[in-house]
Amino acid sequence: MSESNSTLFYAGITLASGLITDFLINRLNKKEIVEDFKPIRSLTLRKRSFVNSKQAPVPEALLNSENPLLDEIKFLNSATCDIERVNHLSLGLDDEFPNIKSPLLGEGNLRSVFGGGGFLPDDAFIYCGSYVINTAVFGPGKRIDQTKKWLRAGPRKSLFFDPKTVKAAIVTCGGLCPGLNVVIRELYMSLHYNYGVQDIYGIKYGYKGFYTYDWIKFDANYVKNIHNLGGTILGSSRGGFDLNKIVEAIVNHGINQVFCLGGDGTHGGVLELFKELRKRKLKISIVGIPKTIDNDIAIIDESFGFETAVEEAINAIKSAYVEANCAEYGVGLVRLMGRNAGFIAMSACNASRDAHVCLIPEFKFELYGDRGLLEYCYQRLKKKGTLVLVIAEGAGDAMLDYKVNVVETDASGNKKSQDVGVIVKDELTKYCKNKGMGITLKHIDPTYMIRTVPANPHDKIMCTQLAQNAVHGAMAGFSGFTVGHVNNRLAYIPIEELLSGKYSNRVVADSREWQRLLASTGQPSFLNNEEQMIQQKQQQQI
Ligand SMILES: Nc1ncnc2c1ncn2[C@@H]1O[C@H](COP(=O)(O)OP(=O)(O)O)[C@@H](O)[C@H]1O
Ligand SMILES: O=P(O)(O)OC[C@H]1O[C@](O)(COP(=O)(O)O)[C@@H](O)[C@@H]1O
């Protein structure tokens, strides 16, 4: 494209309305790539907000270069529709923009099993101006041009990094989660076999491993069988984030791509590292891969390991039901993880159909009083003889009339509270006894069992998609981003945006999933004065 044509092209895109932009871009894309479909769609409704961000301009010297990746970056910089830009290593650095042909580019299936030669057809690559929309549902008052758009994840035809010069490091942080080993394996396989990267290292026991332990040099034999193992072969930890020591270790090892698997805390670390690396003008791409069984990471549809955890949680609920059903006034009480969000508990209840009450951190409730939890349980036992309660760990904080103590704070600063399962068990037993009812209560706590199993097929597929796309993004030179599904399509999300505080992911009262749970359990609010609570909430929102 000549310079004047190119200027007109970008000006046209910039000025066109969102709808016209979408139309043009869809035409440019020619064909939809179906590779990033998830096997099952999460129906969770999320609250999302809309923001715009600015980036460093493309250096003058690069404006005339012929390079599809550079075109994409210029497009992202000039587009006025609400595309959330991901930082690129070329921006803010004055060097020439490299134009390295992706080794994935090829003639269909011509690649030999021994490597060499590309294997992706031309239209499998992400084209300039390809994005994922934030909202899937449109109706009166909601226009497609007003919804936020995220950069589409996927392979780029030209790369920022020459694979021969890439040295990558992989680290796993925070709590365990099914699928960590699948992501590690696929990061290695994609870097090594698809792009030809030779130097790939594993960091032991989370962030502190960068500067505390010897690094593991991976080879294919080391990782090829790990996908069927629970946990992480690298080990994980909380705490130990020391910015300077980590940057020093990365630089000393000559690393230029870092992949960090973890939740919000880990992404907080990625953001700090990203800012520091940018400040030092280092060409090191740092990428987050969202991990948590709690499924409470904002913006993305779902985090890997969550479905596996729900599947395992159902086994505990099943056992609780059998125990409850086989005793006079039998109660099965299952405590599940979920420090801040009740997605595991809600989904496990919806899937098992055996739970009668589900308590999660998002909704306040009372234990005592005519409309409190204990009276409801007592009445249900009197009438039906059986009760299954599912309680998320953080629900203790939602009890209005019982003070739950914070017993400790973990090394990452997350609070650890008194066990809500034990509190409800003791209080319910006492309450029923005072009313002359002797209950048989079995308390099942499968919290660590549900997160240590290997990933199920759904999560394994998701882990593979995330890892491959994290690698594509890093090889293209993007940095400071995380990768995840938005509306069932893979997107690159700037971590600055993810952690900006404008987004959250919690169960919301009007979501279809929560309404479905209420419809199937019939549980009330457990509030003695619900009306008053609603009014208070409304006032807080004004
Ligand atoms: N705001 C932050 N900035 C830098 N590092 C952080 C931050 N919050 C947590 N971390 C580090 O991230 C790692 C994982 O955090 P943690 O909260 O335990 O798990 P998760 O990543 O699953 O939320 C820990 O090593 C912790 O020290
Ligand atoms: O005992 P640990 O390792 O602190 O893990 C418990 C925590 O794990 C979680 O399920 C997930 O936490 P992370 O996302 O930080 O890994 C929390 O809900 C729970 O409090």
Side-chain angles (χ1 to χ4, degrees), residues 171-180 183 203-212 231-232 234-247 258-276 286 288-298 300 302-306 308-310 312-313 335-348 360-362 391-397 404 406-421 445-453 480 482 495-496 498-501 505-507:
V171 66
T172 53
C173 311
L176 297 183
C177 177
L180 284 164
V183 178
I203 310 299
K204 273 153 73 175
Y205 300 117
Y207 279 133
K208 67 172 169 227
F210 274 103
Y211 56 86
T212 308
T232 155
L234 290 173
S236 188
S237 71
R238 302 194 188 271
F241 183 85
D242 186 320
L243 182 64
N244 287 326
K245 285 187 183 170
I246 295 173
V247 172
V258 186
F259 299 91
C260 304
L261 285 65
D264 283 338
T266 305
H267 280 75
V270 177
L271 183 58
E272 295 216 6
L273 284 164
F274 166 68
K275 286 180 177 163
E276 184 61 25
I286 176 140
I289 301 181
K291 165 255 38 157
T292 173
I293 55 162
D294 292 355
N295 198 27
D296 58 355
I297 296 179
I300 61 171
E302 191 180 298
S303 50
F304 72 82
F306 169 68
T308 307
V310 169
E312 287 302 307
R335 187 186 81 126
L336 296 172
M337 270 182 192
R339 195 192 291 128
N340 303 309
F343 288 107
I344 298 179
M346 175 180 70
S347 296
I360 60 174
E362 286 88 336
I391 309 181
E393 152 196 14
D397 294 340
V404 172
V406 176
V407 281
E408 59 177 308
T409 307
D410 70 23
S412 296
N414 305 304
K415 66 176 183 179
K416 297 201 135 234
S417 302
Q418 215 183 329
D419 188 331
V420 63
D445 190 331
T447 44
Y448 293 102
M449 292 167 75
I450 70 170
R451 75 176 195 186
T452 47
V453 292
T482 198
I495 292 175
E496 213 154 1
L498 183 80
L499 302 182
S500 62
N505 189 13
R506 297 288 181 265
V507 177

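In listed order, ligands and their atoms are each counted from 1. Model, not experiment: these values are computed from the prediction.
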Paired with T232, the side chain to side chain contact (heavy atoms under 4.5 Å, CB included) test is passed by just one of L180, V183, V171, namely L180
I300, D264, N295 screened by side chain to side chain contact (heavy atoms under 4.5 Å, CB included) with P290, the one that passes: I300
Provide, to 0.1 Å, the distance between [atom] and the closest protein heavy atom, together with that atom's residue and name.
{"atom": "atom 1 (O) of ligand 2", "answer": "Y448 OH, 2.4 Å"}
{"atom": "atom 23 (O) of ligand 1", "answer": "G265 N, 3.0 Å"}
{"atom": "atom 20 (O) of ligand 2", "answer": "E393 OE2, 2.6 Å"}
{"atom": "atom 6 (C) of ligand 2", "answer": "R451 NH1, 3.7 Å"}
{"atom": "atom 14 (C) of ligand 1", "answer": "T266 OG1, 3.3 Å"}
{"atom": "atom 17 (O) of ligand 1", "answer": "N414 ND2, 3.1 Å"}
{"atom": "atom 15 (O) of ligand 2", "answer": "R238 NH1, 3.0 Å"}
{"atom": "atom 14 (O) of ligand 2", "answer": "T292 OG1, 2.9 Å"}
{"atom": "atom 12 (O) of ligand 2", "answer": "R339 NH2, 3.4 Å"}
{"atom": "atom 9 (C) of ligand 2", "answer": "D294 OD2, 3.5 Å"}

Nearest heavy-atom neighbours spanning [X] and [Y]:
{"X": "S412", "Y": "G239", "result": "OG-N, 2.9 Å"}
{"X": "L498", "Y": "A298", "result": "CD1-O, 3.3 Å"}
{"X": "T482", "Y": "G288", "result": "OG1-O, 3.0 Å"}
{"X": "C177", "Y": "F304", "result": "SG-O, 3.2 Å"}
{"X": "R451", "Y": "L176", "result": "CD-O, 3.4 Å"}
{"X": "V453", "Y": "E312", "result": "CG2-CG, 3.6 Å"}

With a cut-off of 4.0 Å, which atoms of ligand 2 are near a heavy atom of G338? 18 (O)
If you count the atoms of ligand 2 from 1 in the order shown, which ones are under 4.0 Å from a heavy atom of M337? 6 (C), 8 (O), 9 (C), 10 (O)
Where the closest heavy atom to [atom] is concerned, which of [options] has it?
{"atom": "atom 19 (O) of ligand 1", "options": "K291, R238, E272", "answer": "R238"}
{"atom": "atom 5 (N) of ligand 1", "options": "Y205, Y207, F241", "answer": "F241"}
{"atom": "atom 26 (C) of ligand 1", "options": "G413, S412, G262", "answer": "S412"}
{"atom": "atom 4 (C) of ligand 1", "options": "G209, C260, G269", "answer": "G269"}
{"atom": "atom 3 (N) of ligand 1", "options": "S303, G268, G263, G240", "answer": "G268"}
{"atom": "atom 25 (O) of ligand 1", "options": "G175, G239, C173", "answer": "G239"}

If you measure from each heavy atom of T292 to ligand 1, is any distance below 4.0 Å? no
Does ligand 1 have an atom that lies less than 4.0 angstrom from a heavy atom of H267? no
Has ligand 1 got any nitrogen or oxygen that is less than 3.5 angstrom from a nitrogen or oxygen of D410? no
Please round to the nearest 0.5 Å and tell me the distance separating atom CD of E276 and atom CD1 of I246. 11.0 Å
Any chance you could measure D296, atom CG, to I344, atom CD1, to the nearest 0.5 Å? 9.0 Å
Within the structure, does N414 bring an N/O atom to less than 3.5 angstrom of an N/O atom in ligand 2? no
So is there a nitrogen or oxygen of K416 less than 3.5 Å from a nitrogen or oxygen in ligand 2? yes
Is a salt bridge present between D445 and R335, judged by a nitrogen-to-oxygen distance below 4.0 Å? yes
Taking OH in Y205 as the centre, count heavy atoms belonging to other residues, nucleotides or ligands within less than 6.0 Å. Is the count above 12? no
Under-4.0 Å heavy-atom contact with ligand 1, by part of L271 that carries it: neither
Pairwise side-chain contact, [X] with [Y], heavy-atom cut-off 4.5 Å (strictly under):
{"X": "F306", "Y": "S347", "value": "yes"}
{"X": "T266", "Y": "K291", "value": "no"}
{"X": "I391", "Y": "L336", "value": "no"}

Are G175 and ligand 2 in contact, using a heavy-atom cut-off of under 4.0 Å? yes
